[in-house]
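Since this is a predicted model, take the numbers as computed values, not measurements.
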Amino acid sequence: MDDQGRGPGPRPEDEDRPTGADTVPPRSAPLPYEGVWRFTAPAVDASVPQARHAVRDLLLRQGVPVADDVVQGLLLIVSELVTNAVRHAALLSPMLAVEVAVGAEWVRVSVEDNHPYRPTALEADHGRTGGRGLLLMREITRESNGMCDVEHTASGGKVIWAALPLKPARG
C-alpha cells in the first residue's frame, strides 16, 4: 500500500507546525492518544457495523478528545466507506482494511480495498435510494473543515480517506 494508506492529508506525524527562527520546537513525544491503528475485515455486510463499532471503541479506549458531533460524522463516514467496499469491490477484493490515524488536532479514517475502480461522488438524485455515500462523506468533511480524497494504492487498489479536526468547526 502506498504511504501506508494515509495519502497526503493530515496525519499524526505532520500536524500543522509553524516554521522559522521564532517558533516553538516540535513536541518531543506524541500525546497519549496519538497513533495509527489498522484492522482488516472481510468484504461482507456484517463488517459495516463491526467497523463502525471498532472505530468508536478505539476512540473511547485511547481517550481521544474528540467532540461528539465529530465522532458521529466519522462513524457515518466509516459506515458509508465500508458499505461501498462491500457492495462494489468485494468480487475483486474479498478483504478490506480500515485505518484510524489520530494526531494532536486531527482524526483520519480510511478504507482500502483492492478493486481498481476509483469512484466519484454522485450528485443528489432524489429518485434513487442509494449512491450518495461519497457525496455524504464530502459534505460531512466540508462542514467540519476537514479533507477527504480517493487515491490509488501501489497494489492497484484504492484508499478513500477523510480527516476531520478533533474539535467541531465554529459556525
Are any of the side-chain heavy atoms of Val98 and Val111 separated by less than 4.5 Å?
yes

Mind listing the closest non-hydrogen atom pair of Ala85 and Ala43 along with its distance?
O-CB, 4.5 Å

When you measure from the side chain of Glu34 to the backbone of Leu31, do you find a donor-acceptor pair of N or O atoms at a distance under 3.5 Å?
yes

Leu166 and Val70 have their tightest heavy-atom pair at O-CG2, 3.8 Å

Okay, side chain of Tyr33, backbone of Ala104: is any donor-acceptor separation there less than 3.5 Å?
yes

Atom pair CG/CE of Asp149 and Met137 - distance to nearest 0.5 Å
8.0 Å

Keeping Lys167 on the side-chain end and Ala67 on the backbone end, is there a donor-acceptor pair under 3.5 Å?
no

For residues 88-97, please give each side-chain donor-acceptor pair under 3.5 Å, one per line with the distance, not counting sequence neighbours.
residue	atom	partner	partner atom	Å
Ser93	OG	Met95	O	2.7
Ser93	OG	Asn114	N	2.8

Tightest non-hydrogen contact, residues Ser110 and Trp161, listed as CB-CB, 3.5 Å

For residues 40-50, pull every pair meeting salt bridge (Lys or Arg N to Asp or Glu O under 4.0 Å), keeping only residues two or more places apart or in separate chains.
none

Point-to-point distance, once rounded to the nearest 0.5 Å, from CD1 of Ile140 to CG of Leu76
4.0 Å

With a 3.5 Å cut-off and sequence neighbours excluded, list the donor-acceptor pairs that the side chains of residues 57-66 form with protein atoms.
none

Distance (rounded to the nearest 0.5 Å) between Ile160 CD1 and Asn84 CG:
6.5 Å

Going by atom type alone, with no hydrogens or angles, which donor-acceptor pairs under 3.5 Å involve a side-chain atom of residues 46-55 and a protein atom two or more places apart or on another chain?
residue	atom	partner	partner atom	Å
Ser47	OG	Pro42	O	2.6
Arg52	NH1	Ser79	OG	2.7
His53	ND1	Arg56	NH1	3.1
His53	ND1	Arg56	NH2	3.4

Just so I know, are the side chains of Phe39 and Glu99 near enough to count as touching, which here means a heavy-atom distance under 4.5 Å?
no

Here the pair of heavy atoms bringing Thr141 nearest to Ala163 is CG2-O, 4.2 Å

Criterion side chain to side chain contact (heavy atoms under 4.5 Å, CB included) on Leu74 and Val100, from CA distance to verdict
CA-CA 10 Å; Leu74 282 170; Val100 179; over 6 Å; no

So which atom in Lys158 and which in Thr153 form the shortest heavy-atom distance, rounded to 0.1 Å?
C-CG2, 3.8 Å

Once side chain to side chain donor-acceptor pair (under 3.5 Å) is applied, do any residues pair with Glu139, and if so which ones, sequence neighbours excluded?
Arg142

Does the side chain of Arg138 come within less than 4.5 Å of Leu135's, by heavy atoms?
yes

